[in-house]
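Just below is one structure, and these are the notes that go with it.
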Number of protein chains: 2
Amino acid sequence: MGIYADKNRKTKQLIQRSFMQMLESKPFESITVGEIAKTAQMNRGTFYLHYTDKFDLLEQMEQQLFEDLGSHIDELQSRYSVMHTFGEGQEELAAALFRSIQFHVPALKIFLGDHGRAGFHIRFRDALAEKVRSHLEKDENFHAKGKVPMDYLLSFITSAFLGLIEQWVRNGLEKTPEEMAALYMNIISFIQKR
Amino acid sequence: MGIYADKNRKTKQLIQRSFMQMLESKPFESITVGEIAKTAQMNRGTFYLHYTDKFDLLEQMEQQLFEDLGSHIDELQSRYSVMHTFGEGQEELAAALFRSIQFHVPALKIFLGDHGRAGFHIRFRDALAEKVRSHLEKDENFHAKGKVPMDYLLSFITSAFLGLIEQWVRNGLEKTPEEMAALYMNIISFIQKR
DNA sequence: TTCAAAAATGAACAACCTGTTCATTTTGTT
DNA sequence: AACAAAATGAACAGGTTGTTCATTTTTGAA
C-alpha cells in the first residue's frame, strides 16, 4: 500500500461526494451504506474497503473539516498576532475568519443542520475555542482582566460567533464576509449600549 | 379512549424514563425499539401502541421540553416586563432563567450532547429566540438602536447564552444559577472593556 | 508488454431491526 | 360480572448490516 494511494484517494473522494450529495436531501440516520454505494455507482463491499461504518465516514469528514479550517485559522493568527485581541484589527481579523469559513460552507450547512450528526456544533465549537484560547493567551492585556473563568468565556464567545455563522448560512450567505465582520462589530457595540 | 388516559400516560412515562436512561450511556442512533421495550420490561408491540417511531418518541419529548421551558419563560417575562432589556433587573432575570433551566438539565444534558438528535441546539435556540424577540420588542429603547438585523442579533445573543448553559452543564452544574447570572454579567462587561 | 499486487466486484451468509398483524390474555372501569 | 381498552407473544416479510470468498478489473513497475 502507498503506491495505490491515488486510486484510494479518488475512491474515497467519490464516496464522500456522493455522501454529501445525499445529505442535502435526507438525514444521516436514514442513509444506508447500500444507498451510498448505489449513488457512487460502486459495489457495497467497496465502501467497506475504505470505511468501517457510515459513522466512520462522517467522522473522517468532520476531522478533515476541522483540520482544514484549523490550519486556515492558524495562518490568520500568525498574521494578526501583533494586534491585541480587542484592538484595532479585530474587524479585519473577523472578516478574514468569515472568509475562510465561507469556503467550507457547503459542508457546514449540512453538519450544523439536522441532517448531520448530533453534537457536531459542540465538537466544532471546541475546535474553534482551542484556537481562540491560544490567541487570547498571547494577549498580555487579557490576564489583567481576570474575574471570568476561561472555559465559560470561551464557550460564550465561540458560541456567539458560531450563532452568527449559522444565521449567515441559514440566510443563504446573502452578506459578504466583510459585511458579516461589520455586523459582528455592530452587535458588540450594541450590547455595550445597555 | 380518554377513560384510560391515566394508564396510557403511565406507560408513556415508563417508556420515556427508560429511553432517557439509555440515552445516558448510548447514542440515539444505536438505540433500538426492542431495547427500549426490554428496558421498560414491556412487549415491543406495546411501544408501537404509543409511538410510531423512536423518532416520534424523541420528537414528543423535545416538544414537551420546549413547552415546559417556554411557559416558565413566559411567566418570567410577564414578571420582569417592567424593566428594560439591558436595564437594572437584567441580572435578576438571568438568574431566574438559569434557575428554570436548571430544572430541565437532565434532559438538556442528553439532548444537547452527542447522544441526542442532530440539530437539537438549533431547534432549542429558535424556541428561545422567539421568546427573546417578543421580550425585546416590548423594550421601546430597542428600536432606536437599530443598525443590527434582528435575526442576527437574536442568533448571537441566544447562541451565546446557550453556550454558557452548555458549559455549565458540562461542568456538572458546579455553580448556582445566581453565580451563573453574575458570570454572565461579568462576561458582558468584559467584552465592553476592549 | 507483461505481470504481480492492489482494488473492485458480485454473490452469498447469518444476524439483526423494523413495522405490522392477529389471536389471546391482562387490566381497568362501570 | 361484563365490557372495553391495553398489553402480550408470536409470527411475518422486507430491509440493513458487516463479513467472506472466488473472480475480475485496474494499476504501477520491471
Side-chain angles (χ1 to χ4, degrees), chain A residues 1-64 110 114-118, chain B residues 1-64 110 114-118:
Chain A
M1 55 171 167
I3 309 172
Y4 291 79
D6 263 23
K7 174 83 172 166
N8 283 323
R9 203 174 334 109
K10 273 190 179 179
T11 305
K12 278 191 144 194
Q13 277 177 1
L14 175 58
I15 291 175
Q16 294 192 1
R17 261 204 313 274
S18 308
F19 185 50
M20 288 294 271
Q21 186 189 318
M22 307 182 68
L23 277 172
E24 286 169 16
S25 60
K26 48 171 26 186
F28 172 71
E29 313 122 358
S30 76
I31 293 178
T32 69
V33 175
E35 284 174 315
I36 299 173
K38 194 178 168 190
T39 303
Q41 296 180 98
M42 64 174 57
N43 195 276
R44 191 165 65 90
T46 307
F47 176 93
Y48 288 107
L49 246 35
H50 295 275
Y51 300 99
T52 70
D53 243 16
K54 65 172 184 170
F55 297 94
D56 182 35
L57 167 57
L58 195 64
E59 222 161 89
Q60 286 193 32
M61 292 181 72
E62 274 189 16
Q63 205 55 40
Q64 204 173 301
I110 290 166
D114 54 6
H115 283 184
R117 195 166 138 250
Chain B
M1 55 169 167
I3 309 173
Y4 290 80
D6 263 23
K7 174 84 172 164
N8 283 322
R9 203 174 335 108
K10 273 190 178 177
T11 305
K12 279 190 143 193
Q13 277 177 0
L14 175 59
I15 292 175
Q16 293 191 1
R17 262 203 315 272
S18 308
F19 185 49
M20 288 294 271
Q21 187 190 318
M22 307 181 68
L23 277 172
E24 285 169 17
S25 60
K26 49 170 28 186
F28 171 72
E29 313 121 359
S30 77
I31 293 177
T32 68
V33 174
E35 283 174 315
I36 299 172
K38 194 177 169 190
T39 303
Q41 296 180 97
M42 64 174 57
N43 195 275
R44 191 165 64 89
T46 307
F47 176 93
Y48 289 106
L49 246 34
H50 295 275
Y51 300 99
T52 69
D53 244 12
K54 65 171 182 170
F55 297 94
D56 182 35
L57 167 59
L58 194 65
E59 222 160 90
Q60 286 192 32
M61 293 182 70
E62 274 189 16
Q63 205 55 40
Q64 204 172 300
I110 289 165
D114 54 6
H115 283 185
R117 197 166 136 250

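Below, chain A is the first sequence line, B the second, and so on; all start at residue 1.
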Any protein N or O atoms within reach of nucleotides 27-30 of chain D? Criterion: under 3.5 Å, listing atom names and distances.
residue : atom : partner : partner atom : Å
D/dT27  : O2   : A/Tyr4  : OH           : 2.8

Modelled atom types, side-chain donor and acceptor of A/Gln16 and A/Tyr51, under 3.5 Å: yes
B/Asn8 side chain near D/dA5 phosphate (N/O to OP1/OP2, under 4.0 Å): no
Phosphate OP1/OP2 of D/dA6 contacted by B/Thr11 side-chain N/O (<4.0 Å): no
Close residues, residues 19-33 of chain B, relative to DNA chain D [heavy-atom separation under 4.0 Å]: none
Residues within residues 39-50 of chain A bordering DNA chain D, heavy-atom distance below 4.0 Å: A/Arg44, A/Tyr48
Over all atoms of both residues, closest heavy-atom pair of A/Arg44 and A/Ala37: CA-CB, 3.7 Å
What's the spacing between [X] [atom1] and [Y] [atom2] if we round to 0.5 Å?
X: B/Met20; Y: B/Arg17; atom1: CE; atom2: CZ; answer: 11.5 Å
X: A/Ile36; Y: A/Leu14; atom1: CD1; atom2: CG; answer: 11.5 Å
X: B/Gln60; Y: B/Lys12; atom1: CD; atom2: NZ; answer: 4.0 Å
X: B/Glu35; Y: B/Ser18; atom1: CD; atom2: OG; answer: 12.0 Å
X: B/Met42; Y: B/Leu49; atom1: CE; atom2: CG; answer: 10.0 Å
X: A/Thr52; Y: A/Phe47; atom1: OG1; atom2: CZ; answer: 8.0 Å

[N] [atom2] sits how many Å from [X] [atom1], rounded?
X: B/Lys38; N: D/dT8; atom1: NZ; atom2: C1'; answer: 17 Å
X: B/Phe55; N: C/dT18; atom1: CZ; atom2: P; answer: 9 Å
X: B/Lys54; N: C/dC17; atom1: NZ; atom2: C1'; answer: 10 Å
X: B/Lys10; N: D/dA7; atom1: NZ; atom2: P; answer: 12 Å
X: B/Tyr51; N: C/dT18; atom1: OH; atom2: C1'; answer: 19 Å

Cationic tip of A/Lys54 above A/Phe19 ring, under 6.0 Å, 45° of axis: no
Over 12 foreign heavy atoms within 6.0 Å of NZ, B/Lys38: no
B/His115 (side chain) donor-acceptor with B/Leu23 (main chain) under 3.5 angstrom: yes
